[in-house]
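Let me begin by presenting the structure, written as structure tokens, before commenting on it.
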Amino acid sequence: MHFFHNANYNFVKVRRRAMLVSAIVIAAGMLSILLRGGLKESIDFSGGALVEISLQQPVPVQDVRKIMSDAGFAGAEITRFGQESSYLIKVKELEAKPGANGAAAAPADSSLSPERIISKQIEAALSAGIAGQKVEVRRVETVGPKVGGELRKAAFLAVIYSLIGILIYISWRFQFRFAVAAIIATAHDALVMLAFFSFAGLEMSISGIAAILTIVGYSLADTVVVFDRIRENLGLRRREDMGTLINTSINETLSRTIITSGTVMLTLVALLVFGGAVIREFALAMTVGIIAGTYSSIFIAAPILLEWQMWHPSRAKK
Amino acid sequence: MKTRWKLVLIVAVLGYSLWALLPSMRYYSMSEDQRNKLTNEQRTKYVESAIKLGLDLQGGAHLVMEIDDSNLDENNKKDAVDRVIKILRNRIDQFGVAEPVIQKQGQKRIIIELPGLSDLERAEKLIGQTAKLEFRLVREQDEIGRVLTMLDKTLKGVTVSGTQVDTTKVTTAAPENTAADDKTNPKVAANTKPTTADSLLPELKTEQPADETNMPMPAASPDKPFTSYLVSYVEGGVVVDQRQVPIVTALLKTEQAQRAIPSNSEFLWADRTVPMDNVQGRVLYLCEKTATIDGSALINAQTRNDPDDPSRLNVAFTLNRAGAIKFGRFTGENIGRRIRHRAGQPGALRAGGSEQDSQRRRPHHRHEGRRGGQRSLHRAARRRSAREGDDGGAALHRSHAGPRLDRCRQACHHGGLRPRGRIHDLVLPALGRAGLHRARVQHDHHHGRDGNAARDAHHAGIAGLVLTIGMSVDANVLIFERIREELAKGKTVRAAIQAGFDKAFATILDSHVTTLITAFVLWQFGTGPIKGFATTLSVGLIANMFTALTCTRVVYDIITSRRHVERLSI
């Protein structure tokens with residue numbers, strides 16, 4: 001396989017436009033997050049209960065919704081899931097409904113946690129509400145209120161510390177400006193993914209965090225490969241001006257970038273097609289991330305080096 | 001030459017990986033029938049050495065509990081988590097769960113994973129109980145007789161409302177014990193809240209089939225208000241019809257009854273029923289009010305099969321030095337008398353002050369001279385029906401837990417391999433060559449750390465695999481591209497390969513190390529699935545570098561050294 005034989009596209013020339021496009025996408029994403037009052041949080045963060053049920057015959061979602069609001073869970077979120085007759089019911093309230101809708105509510109048992117009582121009440125309400133069908137409960141998840149805050153904190157700390165670690169390593173192996181450029185490109189990808197989560201109305205869950213972290217890792221590796229070539233060329237072609245040098249380096253690694261991204265994309269497409277409903281959102285977010293990551297190492301990371309050079313020429317070639 | 005040693009290394013790693021994966025391949029390709037035919041030993045061996053499936057792939061319960069140590073002093077706080085983990089492990093062992101995972105998370109959290117267990121509620125109830133163990137002396141027969149006579153005297157004319165309560169409803173309707181004191185004080189409201197003894201009743205529900213309620217019950221006669229409820233006597237106690245337990249409990253709680261019972265004694269129910277002629281009876285014991293030995297002296301307790309009688313279970317327990325000395329003296333002084341082994345659960349959960357059958361103190365109790373003067377005692381108990389046996393076994397051994405557990409996060413996946421299980425099958429084979437040893441190292445990690453870092457095929461783990469595949473492809477692509485470039489410069493095949501590998505090395509190293517930094521930080525800060533992701537990723541990355549820089553190189557070297565290669569098709 002050999003793509004782009006002697007490729008020579010002028011990536012550097014369009015860098016300003018590319019940066020503008022990125023800025024617009026990210027700004028729109030952030031605006032969308034702001035307008036919606038933050039990202040939608042899954043019960044991993046907000047706490048609550050999730051019940052996955054499966055019926056023999058599909059029932060309109062509205063019916064399930066009505067059963068739930070009759071049982072006192074007006075805020076319940078009901079989605080059809082995977083197969084036609086499977087439903088996901090998510091309740092974010094953490095207080096059990098004492099005797100909500102008499103018959104439907106399960107007896108309160110003091111030895112159970114409130115989240116667990118909620119999930120029991122949901123189960124009871126559904127079994128009572130859906131007539132003539134066996135309600136099979138396939139999955140129950142309950143999350144207490146404490147976990148969410150800690151998860152947020154841990155995720156934040158993890159990002160900060162890994163950025164510091166990468167900054168140090170790349171500054172040592174390359175130069176400080178390479179490190180800054182790599183981090184900006186990585187942050188770009190994470191932000192684009194957050195924007196995607198908001199646009200597509202996807203929930204932020206532990207899987208979502210894992211997807212973003214994967215993309216951070218991938219994008220970094222991708223950027224480092226381009227930087228490695230720039231570093232090498234800086235030593236070989238001392239006469240060349242920075243713009244040409246960066247452009248040549250990107251073109252030289254283009255074939256590799258496409259082959260690698262293409263392979264990862266194939267894996268993700270396989271997950272999208274065969275992975276089932278649970279993994280679909282996750283695979284979709286990853287696909288967007290891979291595109292962003294590949295794009296950012298070509299159009300964002302390397303051009304930032306050039307901008308830096310123009311803005312501060314004294315720190316030119318070592 | 002050098003190539004030969006590399007080849008040996010590769011073959012060794014590959015061989016080891018295959019050998020390590022063999023149990024997984026065998027076990028997961030077995031049919032349900034074949035698995036059932038395995039002996040327990042074989043099964044344990046397979047389960048231990050085969051790759052574990054995450055709970056979302058095989059079904060099961062996942063709980064994260066937090067310890068509430070607010071009521072503990074500094075000394076106890078320090079190792080509270082470890083003590084609780086030990087206790088939980090003991091309790092969970094009695095569930096009969098194949099491969100439970102119990103691990104510490106942070107300072108106060110405990111993660112519990114019970115594969116294959118779909119009854120989250122049952123798990124939570126058993127795990128969440130704060131338990132207590134104590135030993136009390138049972139009063140002598142003649143003293144019981146005296147107290148019973150006194151009770152009949154003081155309880156004359158006392159009626160307890162709600163006497164016709166169906167035992168199955170007792171849980172929700174707490175017996176409202178109203179006592180009437182002759183004519184002077186028409187109605188005295190007695191203790192209305194269920195306390196230790198009758199909060200045990202929820203457990204009774206399951207033991208009491210509804211159809212038995214038709215059996216005639218002994219009615220209270222006016223001159224024997226208390227003893228008329230007794231159906232029989234057993235050694236050290238009296239037997240009450242199971243259905244009348246709430247009435248008797250209510251009677252015992254009245255002021256009048258309290259006057260009859262000596263202040264240093266207390267009536268306690270046995271925790272399960274004994275079959276009488278046509279009814280289920282429940283034994284009522286009179287014991288000392290203060291326990292001679294309580295759970296603070298307990299180090300460890302376990303249920304075992306009785307070596308002499310397979311239909312019975314034994315509880316073996318170990319006491320600390322002080323407790324052992326006390327226990328030795330206590331049992332020695334009271335040979336031939338009954339000791340009440342009480343295992344109740346005080347605290348927020350108040351599941352009951354259940355009571356084990358009295359243990360007749362006989363010299364046949366084995367005192368195993370263990371280090372530090374610890375002793376252990378074998379105590380027989382009937383093995384009951386399958387499910388009851390499980391929980392009953394756990395109830396037999398309730399140890400002193402102290403700190404309370406709060407639930408944080410729990411998930412229950414019903415059912416086993418479901419459609420999403422295919423992801424697992426899809427991703428692992430796709431890894432191909434590199435995947436073999438990658439999976440192995442992961443597995444290693446798993447056991448090397450005493451199950452502390454059980455890696456499951458969660459979504460996050462799958463994400464880690466996707467990234468690993470990407471990096472693996474990338475390393476090889478980088479090498480190929482470099483070789484191609486060198487060839488284009490007009491180098492010979494051999495020289496091009498040499499230069500290609502040398503130049504690609506720095507790139508591969510840098511891109512892998514930066515990703516490893518992220519993985520390491522995640523491993524440090526992440527929990528649960530994120531940690532799984534980080535581990536999968538790091539192991540995958542290291543395996544990648546080995547594959548790309550050693551294995552691929554050896555293949556090239558062998559090809560170029562065996563014959564003269566003129567042209568390389570890349």
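Convention: sequence-line order gives letters A, B, ...; per-chain numbering from 1.
Between Leu541(B) and Thr468(B), the closest side-chain pair of non-hydrogen atoms is not below 4.5 Å. Side-chain contact between Phe520(B) and Leu516(B): absent, with no pair of heavy atoms (C-beta onward) separated by less than 4.5 Å. Side chains of Asn233(A) and Glu252(A) form a contact here, defined as non-hydrogen atoms less than 4.5 Å apart. The shortest side-chain heavy-atom distance between Val225(A) and Thr257(A) does not fall under the 4.5 Å cut-off. You'll find the side chain of Ser261(A) reaches within 4.5 Å of the side chain of Tyr218(A), heavy atoms only. Annotation: side chain of Phe178(A) is in contact with side chain of Ile230(A) (closest heavy-atom distance under 4.5 Å).
Among Ile517(B), Thr515(B), Thr518(B), the residue with the largest count of heavy-atom pairs under 4.5 Å with chain A is Ile517(B). Note: Asp474(B) leads Val477(B), Val473(B), Asp474(B), Ile508(B) in heavy-atom pairs under 4.5 Å with chain A. Note on Val513(B), Thr507(B), Asp510(B), Leu478(B): by heavy-atom pairs under 4.5 Å with chain A, the leading option is Asp510(B).
In this structure, chain B has no heavy atom under 4.5 Å from any part of Ile168(A). Using a 4.5 Å cut-off between heavy atoms, Leu509(B) touches chain A through backbone and side chain atoms alike. Ile170(A) touches chain B through its side chain: at least one heavy atom from C-beta onward sits under 4.5 Å away, while N, CA, C and O do not. Both the backbone and the side chain of Arg256(A) come within contact range of chain B, each with at least one heavy atom under 4.5 Å from a heavy atom of that chain.
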